[in-house]
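Just below is one structure, and these are the notes that go with it.
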Amino acid sequence: MEILEDSEKKPLDFIRQIIADDLQNGKHQKIVTRFPPEPNGFLHIGHAKSICLNFGVAEEYAGTCNLRFDDTNPSKEDVAYVQSIEKDVHWLGFEWREKVLYASDYFPQLYDFAVELIKQGKAYVCELLPDEIREYRGTLTEPGRESPYRQRSVEENLQLFTQMKNGEFSEGTHVLRAKIDMASPNLNMRDPVIYRVLKAHHHRTGNTWKIYPMYDYTHCLSDMLEGITHSLCTLEFQDHRPLYDWVLDTLSTPCHPRQIEFARLNLTYTVMSKRKLLKMVEGGFVDGWDDPRMLTISGLRRRGYTPASIRNFCKTIGIGKSESRIDMGVLENEIRSDLNLRAERRMCVLDPVKVILDNYPDDLVEEMTGMNHPQAPDMGERAIPFAREIYIEREDFMENPTKKYHRLGPGREVRLRYGYLIQYVSHSKDEATGRITEIHCTYDPETKGGTAPDGRKVKGTIHWVCAKKGLPVTVRLYDRLFSVEDPEADKNIDFLEHLNPMSKVIISDAIAEPSLAALQPGETVQFERQGYFCADSVESIAGKPVLNRTVTLRDSWESKK
RNA sequence: UGGGGCGUCGCCAAGCGGUAAGGCACCGGGUUUUGAUCCCGGCAUUCGUAGGUUCGAAUCCUGCCGCCCCAGCCA
């Protein structure tokens, strides 16, 4: 089935308005954006927002978007991350024209620009210690003081910078600083460090460099070198824009990308920072970065989210500058509406209780026919075995049913989906626990398939699985990771205190209709009346899928009762 | 108390001086062999707040209030 994405016209967000204007008034003929992750962690749903924006805008306006790794801090980065990031961006459905780019590819040019800055008298080597630099920087309300090394001659700076490059100084002793304004109300402009000594192994340049450029200095120049027209980043970089512009203006570069900031994504019932995600992984609170409860791209993929649902989600929430927290229900709604169209329907009993049809032949096994998708006959049908003993959901039987409850109970008749109408006879239970052990019913032979020739109506239709032919499966019921909307609301309470203890419930004795044995890893089906379930891509084995619940079906009964 | 941002329905979000789009949620009703889907209908006299300009303001101006970000040799 075709991947559906809503194509209704949405008003342009403020970034697209700027871009459309720039194109229309001729400022640019073609737009170029970039997605610049640091390879120091896994991508999450928040990155997806940025990816959809940058690659999306490029697609919509016939431009290009570069995937560029911002790898200027070798002490935190690793190739393993670049691989997972590339995989995730591809999986979301985006392509980059040129080969993958790296800020580290520009190290030689960045170095030359630094020399140029020194020659202009706009940068100097500072020997203040880290603590001293902080002290000299001043505070939010008091201006900083100038470094005693600020007035060095160009020659001396050149000499010292060369020595830095040659590895003659140890980490923390020398930095190259831009000479801007120690009294600026913007702390980023108080002679920011642009190069530091770092003797770490870099995943791409190895040990050739002993000094590494800082983000602010690197990013604007990398953008410029690639001819980026619009450099889109999150709100916290707003204060950095003057520095971004200063570097490009001071070096009088041939082009000057425009940095535009937008609000990052926040969702209810989760946390988004890399640091906190890392803490959950390292603390063993989740089963790794791709735990289906994690809102990492790899976690969502394993959970059963589709690329289209994530792209639609990003489209729905839009782009703006106000900080917001999107209701998790919006994301869930997107995956439901996508899966509703494409997932085949199946039956699976999660909490089985046996039903015996007293008047059904002892050794007969019939084949019932179920639609793979009631609204899409072209998706075909499958056979479902039926016999005297079946399992139904424990919650589909009630000893003393209320008026609104229209499932099985004393005196009740219900329909077994694609099966027969059955009539309650008796039930037995464990007196000690009150737990129902068995239910006896009779079936109406005239109602095969579920319709009564006399036209009588039954209120309830329940799902079932043949006891003899059913396939035992392991099902994991995943739910929101946290039990409160904003786990970070109270600064005095560790966010981990709010973990939802029921976020992962493993059911090892569920019983599914036999056709489920054919489910391939990564494939998703709808268990009727329950939700969408995806065969786990790493733990499923041939003929025996392990199922992850992606999301439940909407349930208006749950809220009514 | 320095600087930079943000404040439109429960949650997002259009609106760009001419009299409040849309989505999610929610509430009704219809269809239904999934209490699902689908379909119909309802849901801000009001735009943080107080003034001002104007025939006319959510949109322009001023003050006030609230929230977020910034003092890494992280990105």
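Just so it is clear: chains get the letters A, B, ... in the order the sequence lines come, proteins before strands, and each one is counted from 1. In this text the structure is predicted, and so the values were computed from the model without any measurement.
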May I have the distance from A:Met371 (atom CE) to B:U32 (atom C1'), rounded to whole angstrom? 13 Å
So which nucleotide does B:G35 pair with, by the Watson-Crick or G-U wobble rule with both distances under 3.5 Å? none
Distance-only donor-acceptor test, A:Arg345 side-chain atoms vs B:U34 base atoms, 3.5 Å: yes
Looking at A:Arg241, I'd like to know whether one of its side-chain N or O atoms comes within less than 4.0 Å of OP1 or OP2 on B:G4. no
Do A:Asp191 and A:Arg150 sit within salt-bridge range, that is, some charged N less than 4.0 Å from a carboxylate O? yes
Taking the C1' atom in each of B:C68 and B:G63, what is the distance between them to the nearest angstrom? 22 Å
Have a look at A:Gln526 and say if it touches a base, only the backbone sugar-phosphate, or nothing, with a 4.0 Å heavy-atom cut-off. base
Side-chain H-bond candidate by donor/acceptor type, A:Glu226 with A:Tyr106, under 3.5 Å: yes
Measuring only the C1' atom in each nucleotide, how far is B:A25 from B:G10? A whole number of Å is fine. 7 Å
Using heavy-atom distances to pick each residue's nearest nucleotide on RNA chain B, tell me which of A:Gly419 and A:Thr268 is more 5'. A:Thr268
Quantified in whole Å, what is the P atom distance between nucleotide B:U8 and nucleotide B:A13? 8 Å
What integer distance in Å separates A:Glu393:CD from B:U34:P? 17 Å
For A:Lys457 and B:G35, give me the distance from atom NZ to atom P, rounded to whole Å. 15 Å
Exactly one of A:Tyr111, A:Tyr195, A:Phe107 clears ring pair (Phe, Tyr, Trp, His ring centres under 6.0 Å) with A:Tyr212, and that residue is A:Phe107
Could you pick out which residue, A:Ser337 or A:Thr447, lies toward the 5' side of RNA chain B when each is mapped onto its nearest nucleotide? A:Thr447
State whether the side chain of A:Glu413 and the backbone N or O of A:Val458 hold a donor-acceptor pair below 3.5 Å, judged by distance alone. no
To the nearest angstrom, how far is A:Phe14 atom CZ from B:A13 atom C1'? 13 Å
Scan every strand shown for a Watson-Crick or G-U wobble partner of B:G2, both distances under 3.5 Å, and answer none if you come up empty. B:C70
For residues A:Asp70 and A:His219, is any side-chain donor paired with an opposing acceptor at under 3.5 Å? yes
If you measure from the P atom in B:C16 to the same atom in B:G48, how many Å do you get, rounded? 16 Å
Selection from B:C24, B:U34, B:C12 that lies nearest to any side-chain heavy atom of A:Leu553: B:U34
Tell me the interatomic distance from A:Glu142, atom CD, to B:G2, atom P, rounded to whole angstroms. 13 Å
Any donor-acceptor N/O pair, A:Gln17 side chain to A:Leu12 backbone, under 3.5 Å: yes
Pairwise P distance, B:C6 and B:A14 [rounded to whole Å]: 13 Å
When we call it a touch if two heavy atoms are under 4.0 Å apart, what does A:Lys459 touch: a base, just sugar-phosphate, or nothing? nothing
Considering Watson-Crick and G-U wobble pairs with both distances under 3.5 Å, what does B:G63 pair with? B:U49
With a non-hydrogen cut-off below 4.0 angstrom, is A:Tyr212 in contact with a base, only sugar-phosphate, or nothing? nothing
Relative to its sugar, using the 90° cut-off around 0, the base of B:G5 is anti
Below the 4.0 Å mark, does B:A13 have OP1 or OP2 next to a side-chain nitrogen or oxygen of A:Ser322? yes
Which letters describe nucleotides 69-75 of chain B, given B = protein heavy atom under 4.0 Å from base, S = only from sugar-phosphate, - = neither? BBBSBSB
Give a yes or no answer on whether the side chain of A:Tyr217 reaches the backbone of A:Ala114 with a donor-acceptor pair at less than 3.5 Å. yes
What's the gap between B:G72 and B:U62 when it is taken at their C1' atoms, as a whole Å value? 39 Å
Can you tell me the distance, in whole Å, between the CG atom of A:Asn333 and the C1' atom of B:C26? 14 Å
What is the base-pairing partner of B:G22, counting Watson-Crick and G-U wobble geometry with both distances under 3.5 Å? B:C12
Provide, to the nearest angstrom, the distance between the OH atom belonging to A:Tyr532 and the P atom belonging to B:U34. 13 Å
Partners meeting side-chain hydrogen bond (donor to acceptor under 3.5 Å, both in side chains) with A:Glu366 (sequence neighbours left out): A:Tyr360, A:Tyr420, A:Lys448
With a 3.5 Å cut-off and no angle check, do the side chains of A:Arg258 and A:Ser231 form a donor-acceptor pair? no
What integer distance in Å separates A:Gln259:CD from B:G5:P? 12 Å
Does A:Arg554 have a side-chain nitrogen or oxygen under 4.0 Å from the phosphate oxygens OP1 or OP2 of B:G35? no
Can a side chain N or O of A:Gln17 be found less than 4.0 Å away from OP1 or OP2 on B:G15? yes
To the nearest 0.5 Å, what is the distance between SG on A:Cys220 and CD1 on A:Ile228? 12.5 Å
For the P atoms, the ones on B:A75 and on B:G4, what distance do you get once it is rounded to whole angstrom? 25 Å
Check every strand shown and say whether A:Tyr136 touches a base, only sugar-phosphate, or nothing at a heavy-atom separation below 4.0 Å. nothing
Mind checking the P distance from B:C43 to B:G28? Whole angstroms is fine. 15 Å
Does B:A36 have its OP1 or OP2 closer than 4.0 Å to a side-chain nitrogen or oxygen of A:Ser556? yes
